[in-house]
Protein chains: 2
Amino acid sequence: MGRKAQFTKNQFVDAALKLAAEQGPGAITMGSIAGQINAPIGSVYHRFASREILLAELWLRLVESFQQGFLEALDQGDGLQAALHTLNWVRKHPNEGRVLLLYRREELTSGEWPDEIKERARQLTQELDKGLRKFTRRLFGRVTKKSLIRITFTLIDVPYAAVRRHLQAGRLPPVSVDELVRKTYLAILGRYL
Amino acid sequence: MGRKAQFTKNQFVDAALKLAAEQGPGAITMGSIAGQINAPIGSVYHRFASREILLAELWLRLVESFQQGFLEALDQGDGLQAALHTLNWVRKHPNEGRVLLLYRREELTSGEWPDEIKERARQLTQELDKGLRKFTRRLFGRVTKKSLIRITFTLIDVPYAAVRRHLQAGRLPPVSVDELVRKTYLAILGRYL
DNA sequence: CCCATATTAGAATATGTATTCTAATATAAG
DNA sequence: CTTATATTAGAATACATATTCTAATATGGG
């Protein structure tokens, strides 16, 4: 049944990731994706109905990759580990890190998503929300808007801030930022440990 | 001499700012800028040699606006005030804040800049760098790479992190974030006060 | 060996938008 | 009143890139 495939979905997504990490999302065109692995443009469209969908796939992959370890740490009640996860993840996945942390979702893919993809995205968001709420309850006893902001700030926003500038400059975050994240964590949530 | 002008440079830049703040940088086209104030496209080009240059102008305006108050606080040796300046500035200038803090420079204007603009940008960067170094020396006695990272993290990156999520959601940062920035400041730099 | 079909191949088309160009218009200066 | 010119006006053009289309090609099943 049919010719043997020469290019897989993953190869195209990988190519897009590489382009985005090295030259920014603007460099991702259907032509450049194909060119990256010497595929014809037709083959890209054979795998993905549109550019939007290919990029949505890439985005989901990044979020899933990041979120897994983050939620694992959270689930074990280890908030500091969760906060440091951003740093470790970025160091282990530099390209993924650059794209997920340097660009907004809308910069990659801003059009309409098909239902299947919307559903996967919704699920990821919900998982994260659930994990954060559970951890908040564990720490504070209850979940208020303010306590959620506090937790989100400490576990997500601050690590992100600590890393962004270095990714922007094309480097990995230096070891000294770990200490900054740790200190901030203790300052904001320390008394609840 | 010549016909009386109906549209000024500033009007076009304002229009671009409004578009970016409300619909993202992608919504800034020469047509939409003109449309925003019912001007003909030709008039935009009469004021700006290119889209790039118009957007560079916008970007410089944002940075200048933000940086002024920040450097004033720094100059007075008031680091906490400098850290809180991001919050105050964003609340006072919501549109400017959204665009400066939600999008990267390259997302607005990524092409080549003429020398005059490059020079203004260089000067702004240098001013900031100088202010940060001066403050670092004042606080630590000397300026090392690590101490600069520490200062930058506390005065710029953390306030940015505290604000970003709320701007992204289309709101101004709630008052509770001030406390988070203050706590972080004290945790990281408090002992040097 | 033949067929159905998954895949490659890339040329043709569509579209959105920046930029250029030509003409019309108003105003100040003399 | 005439003229020079800054500005408006918007149509024509250029260009990049997503998408579509038609044809060729290989491969497993019968």
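Chain letters run A, B, ... following the sequence lines, proteins first, then strands; residues in each count from 1.
One atom, CD1 of A:Ile41, and another, C1' of C:dA12, lie 12 Å apart when rounded to the nearest Å. For the pair B:Arg51 CZ and C:dG16 P, the computed distance is 16 Å after rounding to whole Å. To the nearest angstrom, C1' of C:dG16 lies 16 Å from CD1 of B:Ile28.
Taking the charged nitrogens against the carboxylate oxygens, B:Asp115 and B:Arg122 have no contact shorter than 4.0 Å, which rules out a salt bridge.
Using a 4.0 Å heavy-atom criterion, one finds that A:Tyr45 contacts the bases of the nucleic acid, with or without backbone contacts as well.
A 4.0 Å heavy-atom criterion places the boundary nucleotides of DNA chain D facing chain B at D:dT5 to D:dG10, written 5' to 3'.
Taking 4.5 Å as the limit, every side-chain heavy atom of A:Lys130 sits out of range of all side-chain heavy atoms of A:Leu71.
The closest side-chain donor-acceptor pair between A:Thr109 and A:Glu52 falls under 3.5 angstrom.
Between B:Gly2 and B:Ala49, the one whose closest nucleotide on DNA chain C sits nearer the 5' end is B:Ala49.
Ring pair B:Phe7/B:Phe12 is tilted by interplanar angle, where 30° to 60° counts as tilted. Classification of the B:Trp89-B:His93 ring pair by plane angle, with boundaries at 30° and 60°, yields tilted.
Heavy-atom contacts from other residues, nucleotides or ligands closer than 6.0 Å to CD of A:Gln68 number 12 or fewer.
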